[in-house]
Protein chains: 2
Amino acid sequence: MHTALSTDHFSPSGVIVAPGLQSLRIVDEPWGLTQGRTRSHASDEEIFSEGSRAAFFYKVVSGAVRTFKHLSDGRRQIDAFHLPGDLFGIESGDEHRFSAEAVGAATLVSYRRCSFEIQASARGQLGPEIIAAVMRSLERAQSHMMLLGRKSALEKIATFLLDMAKRMAKDDEFDLPMPRIDIADHLGLTIETVSRCLTQLEREGVIRLPASRHVVLRNKAILRRLRA
Amino acid sequence: MHTALSTDHFSPSGVIVAPGLQSLRIVDEPWGLTQGRTRSHASDEEIFSEGSRAAFFYKVVSGAVRTFKHLSDGRRQIDAFHLPGDLFGIESGDEHRFSAEAVGAATLVSYRRCSFEIQASARGQLGPEIIAAVMRSLERAQSHMMLLGRKSALEKIATFLLDMAKRMAKDDEFDLPMPRIDIADHLGLTIETVSRCLTQLEREGVIRLPASRHVVLRNKAILRRLRA
DNA sequence: CGCTTCCTTGATCTAACTCAAAGAGAGTGG
DNA sequence: CCACTCTCTTTGAGTTAGATCAAGGAAGCG
């Protein structure tokens, strides 16, 4: 495991450093957020865990992050994958209600959670952006409930592929950042069912899988129909 | 169907009416919300539907409401039941992303959604309460994903019963406001499976069902264990 | 080159679904 | 008050989508 990739110290990022000054001001942030610090994380490194103090929230710079919960016996549900630009780890209470881990190597910016930002997100300039992130999470969670509760395995896979495509730079050919087990735990399936559905879609010419992590969408119309 | 229960006109509620004045001020509202109007809805009456303009959001006064989405072929997922005191129908975009219907007869207060309340929920006094409602929805949605994706039928039913219990006045004996089909569409099951699980729990002495809508929790410890 | 980890494929099993039909209430009208 | 209807719920029998169990295969890394 590349623990070398992960430094134990945060380093300032995207800032104008006035030598000798403590208070840094981030300027390439569209968020108006202050106090962000960039850090690299090794694959599978824990970012925070369920029940831990929610002192920070995060933005993905590169790579990907999974947020998930465990049941007592170890069953896992990945509620979301977070890609570059996404905020995650925002809480209204003082504990994280999920665990978060890097999916592959990832770079994140962390923001110290000040007393004023959620409850009285009211007056801060950062309020609106955080609220937008929360609303987006809610919308994602709500459509994911439809998927988990009512879609078949093939419909889940089709939905997942189209959703990833929309979020990636190229929307008809991309690399999946996560292994099959993560896809399974996100879609409420097993790894074998995920694999079989992908194989089926490839056999039918809907997608191509030149490598297990590389997907080419050959027929999005069919995928959209399959998505239900 | 008792359409008589449903009036087509809203009536002011909980307000001090200064005769001749247009601007009313609600005083029994903990929300600082203005412009609320109370209305009764008949069983199964539509409150709003997916894709409609989100001009209002609502608070349940009595009865219950289900919010849900449909798939193209009619499969339904009920994302949540809303009980007295709950806010629902809050959107960041300008359309409702769910449909809402009364579960049994229900009384609701509607609030006109002003331009300022979500995006710039910032300065209004009503911001914090709305944000709290949104955060609660998010938390519910997130634990519901765990349920839908990873729990067995019996675990789903146990979770559901304990959750309802916690939200009702008496937490060990209550009436279910909704029929089996709604429970099924909320938990990602069929009506038959819901019925079989309830019967099984009754056979095992964990609950009693003196009437199909009336539940007595006889052994919450076992239920909590079953919930996983 | 040889681990090790991830992915695929096949065979079998089972939880939950589907289909079918019989109770059980609740409301209606004679 | 009783018979009738309608809707909701329960129960049973059979089916199936997806899980589980069990090998293999491929790709990355040391």
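A, B, ... follow the sequence lines: proteins, then strands. Residue 1 opens every chain.
- Toward the 5' end of DNA chain C, the nearer of the two residues B:Ala211 and A:Arg150, judged by each one's closest nucleotide, is A:Arg150.
- Atom pair B:Asp73:CG and C:dT18:P shows a separation of 11 Å (rounding to whole Å applied).
- Look at NZ on B:Lys151: it is 18 Å from P on D:dA19, rounded to the nearest Å.
- Residue pairs satisfying the side chain to side chain donor-acceptor pair (under 3.5 Å) criterion with at least one member in residues 217-228 of chain A, sequence neighbours excluded, are listed as follows: A:Asp171-A:Lys220.
- The distance from atom CG of B:Leu138 to atom CG of A:Leu138, rounded to the nearest 0.5 Å, is 5.5 Å.
- A straight line from CD1 of B:Ile183 to C1' of C:dA16 spans 17 Å, rounded to a whole angstrom.
- Legend: ring-ring contact (aromatic ring centres under 6.0 Å, His included) pairs involving residues 151-177 of chain A, not counting sequence neighbours: none detected.
- Regarding A:Leu154, its CG atom lies at a distance of 18 Å from the P atom of D:dT16, rounded to whole Å.
- For A:His214, there are no ring pair (Phe, Tyr, Trp, His ring centres under 6.0 Å) partners, not counting sequence neighbours.
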Nucleotide N/O to protein N/O under 3.5 Å, stretch nucleotides 9-11 of chain D:
| from | atom 1 | to | atom 2 | distance (Å) |
| --- | --- | --- | --- | --- |
| D:dT9 | OP1 | B:Arg213 | NE | 3.2 |
| D:dT9 | OP2 | B:Arg180 | N | 2.8 |
| D:dT10 | OP1 | B:Arg180 | NH2 | 3.1 |
| D:dT10 | OP2 | B:Arg180 | NE | 2.8 |
| D:dT10 | OP2 | B:Ser195 | OG | 2.7 |
| D:dT10 | O5' | B:Ser195 | OG | 3.0 |
| D:dT11 | OP2 | B:Thr199 | OG1 | 2.8 |

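- Every residue two or more places apart in sequence or in another chain that forms a side-chain contact (heavy atoms from CB on, under 4.5 Å) with A:Arg196 is listed here: A:Glu192.
- Between the CG atom of B:Leu189 and the C1' atom of D:dA17 there is a distance of 15 Å, rounded to whole Å.
- Not counting sequence neighbours, the partners of B:Glu101 by the side-chain contact (heavy atoms from CB on, under 4.5 Å) test are B:Arg66, B:Phe68.
- Note: A:Asp86 CG to A:Ser137 OG = 8.5 Å, rounded to the nearest 0.5 Å.
- If you take CD1 of A:Ile157 and C1' of C:dT8, they are 14 Å apart, rounded to a whole angstrom.
- The side chain of A:Thr190 contributes no N or O atom lying less than 4.0 Å from OP1 or OP2 of D:dG18.
- Evaluation of the salt bridge (charged side-chain N to carboxylate O under 4.0 Å, His left out) test over residues 203-216 of chain A, restricted to residues two or more places apart or in two chains, returns none.
- Overall, the helix from C:dC1-D:dG30 to C:dG30-D:dC1 carries an axis bend of 30° between its ends, with five pairs at each end and the value rounded to 10°.
- The CZ-C1' distance, from B:Arg75 to C:dT18, rounds to 15 Å in whole Å.
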Less than 3.5 Å apart, which donor and acceptor atoms pair up between the side chains of residues 141-148 of chain A and the rest of the protein, not counting sequence neighbours?
| from | atom 1 | to | atom 2 | distance (Å) |
| --- | --- | --- | --- | --- |
| A:Gln142 | OE1 | B:Arg97 | NH2 | 2.3 |
| A:Ser143 | OG | A:Glu139 | O | 3.1 |
| A:His144 | NE2 | A:His186 | O | 2.8 |

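- Here D:dT7 presents its P atom at 12 Å from CG of B:Asp44, a figure rounded to the nearest Å.
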